[in-house]
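Working notes for the structure below.
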Amino acid sequence: MVDALGVAVVGFGWMGRVHTQAYARVAHHYPGLALRPRLVTVAEEVPGRAEEAAGQFGFAATTRDWREVAADPRVQAVSITAPNFLHREIGVAMAAAGKHIWIEKPVGLTGEDARAVADAVAGAGVHGAVGFNYRNAPAVEAARELIASGDIGAVTHVRIRLFSDYAAHPDGALTWRYERERGGSGVLGDLASHGADLARFLLGDIASLTADTAVFVPQRARPTGATAGHALASGGELGPVENEDYVNCLLRFASGARGVLEACRVSVGEQNNYGFEVHGTKGAVFWDFRRMNELALSRGTTYQDQPVSTVYVGPGDGEFAAFQPGAANAMGYDDLKVIEAYRFLRSIAEGRPYGTTLADAVRSAAVLDAMTRSAETGGWVNVPAP
């Protein structure tokens with residue numbers, strides 16, 4: 001028997017749309033799922049945006065006040081895709097109201113914010129999922145299994161990169177993303193949070209780190225109206241960019257492995273250049289998000305001049321079989337969010353966690369807080385143990 005689950009989406013920018021599309025698709029890819037999402041309410045404060053969403057996707061109701069969602073008994077689960085500075089308030093309130101939450105990273109502005117939401121979820125006995133979507137790529141899950149199996153030997157070092165140009169244009173509008181009070185730590189929360197999660201997912205906990213940060217576009221024009229995504233704004237009053245455009249970080253893992261994590265939002269010529277290179281004593285594995293369904297793999301016993309092969313993931317890897325019938329058929333970004341939706345709904349249906357949890361958000365946030373402290377002090381900082 002399949003039960004309906006009333007869901008709401010709070011915040012309908014691009015990510016709110018992605019969550020909604022994932023809810024719409026999840027039953028097509030996972031027909032055996034015991035819960036089917038039913039779109040109840042969309043909350044968005046920008047005039048007209050919620051109504052547009054309801055007309056396109058079929059939400060039963062709209063509101064400009066997310067508090068109405070918390071009070072609505074028809075809503076059992078909520079996607080929180082509002083700006084970062086609202087994550088804590090909304091997340092805690094939804095959990096307190098008995099709603100399961102699927103919340104986007106970084107879950108607030110600080111580790112304290114992430115812990116507050118995690119504690120609220122645990123206290124209410126509801127389930128919480130977090131939008132660390134890159135770990136859901138079947139190739140990333142395959143890489144994790146290769147590393148854990150010892151196929152590349154003991155891991156010695158890793159390089160994780162997240163380069164993008166979404167903020168490279170000097171006329172990019174001075175939105176909440178660039179304010180410390182509302183956008184937090186800039187590229188740390190936006191991109192490096194994914195890097196911290198990938199590092200932990202692949203290699204385990206980070207013990208200590210040292211980081212350097214920079215702002216390369218120090219001023220931007222204030223927008224004159226509502227914005228979505230990474231809109232341009234020229235001619236307006238200039239204001240300061242208060243948070244980081246760039247971070248570079250050296251990592252020491254609890255395992256003894258070493259690493260480099262680098263992220264930048266103003267990298268001209270880079271479009272979603274996200275990936276990792278993991279080296280071990282017997283081989284290496286490489287992944288590039290732009291070739292999401294491939295791994296470059298070196299393994300064997302020759303060590304020197306050992307070749308690297310391209311491996312295409314297939315139905316035996318991660319959730320690939322829910323989307324494609326054979327290896328080398330492409331999956332895309334939105335498919336990763338469908339996997340997130342599935343694991344979130346399965347957690348609710350079966351009463352046990354699948355996929356990312358608020359504990360993962362807390363661990364990622366602890367790494368980001370350590371990066372911030374290190375950049376301020378110029379030294380190595382220990383990352384608190386879980």
Side-chain angles (χ1 to χ4, degrees), residues 9-19 43-47 49-50 64-67 69-70 78-94 101 103-118 120 130-131 164 166-194 196 213-233 236-247 263-266 361-362 364-365 368-369 371-373 375-376:
V9 176
V10 175
F12 207 81
W14 170 63
M15 190 52 66
R17 181 177 294 272
V18 171
H19 276 231
E44 171 56 64
E45 65 177 13
V46 176
R49 191 178 287 174
R64 293 182 64 182
D65 186 351
W66 60 263
R67 295 168 184 81
V69 174
V78 181
S79 277
I80 301 172
T81 54
N84 299 353
F85 66 94
L86 296 172
H87 285 182
R88 177 173 180 167
E89 182 182 11
I90 298 174
V92 169
M94 293 300 175
I101 64 171
I103 186 169
E104 274 305 312
K105 55 84 205 167
V107 190
L109 305 180
T110 63
E112 182 181 349
D113 286 349
R115 284 189 294 272
V117 179
V130 182
S164 187
Y166 66 78
H169 202 296
D171 290 338
L174 187 68
T175 64
W176 61 268
R177 292 182 183 277
Y178 304 102
E179 299 174 3
R180 182 72 62 184
E181 185 175 346
R182 298 196 297 165
S185 54
V187 77
L188 276 69
D190 198 13
L191 293 181
S193 59
H194 281 298
T213 63
V215 177
F216 295 133
V217 183
Q219 288 187 313
R220 295 181 183 273
R222 301 185 188 279
T224 57
T227 62
H230 306 289
L232 301 184
E237 178 187 359
L238 292 178
V241 172
E242 299 173 350
N243 54 26
E244 297 84 351
D245 286 331
Y246 171 84
V247 61
C264 186
R265 65 187 180 187
V266 296
V362 171
S364 174
L368 301 186
D369 284 354
M371 288 182 188
T372 301
R373 292 196 302 274
E376 291 171 349

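The first residue of the sequence shown is numbered 1, and numbering continues consecutively from there. Since the model is a prediction, treat every value here as computed from it, not as a measurement.
When the salt bridge (charged side-chain N to carboxylate O under 4.0 Å, His left out) test is applied to R373, no partner is found at least two apart in sequence or on another chain. Applying the salt bridge (charged side-chain N to carboxylate O under 4.0 Å, His left out) test to R88 and every residue at least two apart in sequence or in another chain returns E112, D113. Every residue meeting the side chain to side chain contact (heavy atoms under 4.5 Å, CB included) condition with N84, not counting sequence neighbours, appears here in chain and number order: H87, P106, L109, W176.
With hydrogens and angles disregarded, a donor-acceptor distance shorter than 3.5 Å links the side chain of E44 to the backbone of V46. Using a distance-only test at 3.5 Å, with no hydrogens or angles considered, no donor-acceptor pair links the side chain of T81 to the main chain of M15. Under the 3.5 Å distance criterion, the side-chain polar atoms of D369 are matched with a main-chain donor or acceptor of G111.
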Checklist entry - Please walk me through it: do E181 and E242 pass side-chain contact (heavy atoms from CB on, under 4.5 Å)? => result CA-CA 9 Å; E181 185 175 346; E242 299 173 350; 5.6 Å; no

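At least one side-chain heavy atom of T213 sits less than 4.5 Å from a side-chain heavy atom of L188. Using a 4.5 Å cut-off on side-chain heavy atoms (C-beta onward), K105 and D190 make contact. With a 4.5 Å cut-off on side-chain heavy atoms, M94 and V10 count as touching. Annotation: side chain of P83 is not in contact with side chain of R177 (no heavy-atom distance under 4.5 Å).
Ion pairing between E89 and R67 holds under the 4.0 Å rule for side-chain N and carboxylate O. Between D171 and R220, no side-chain nitrogen of the basic residue sits less than 4.0 Å from a carboxylate oxygen of the acidic one, so the salt-bridge criterion is not met.
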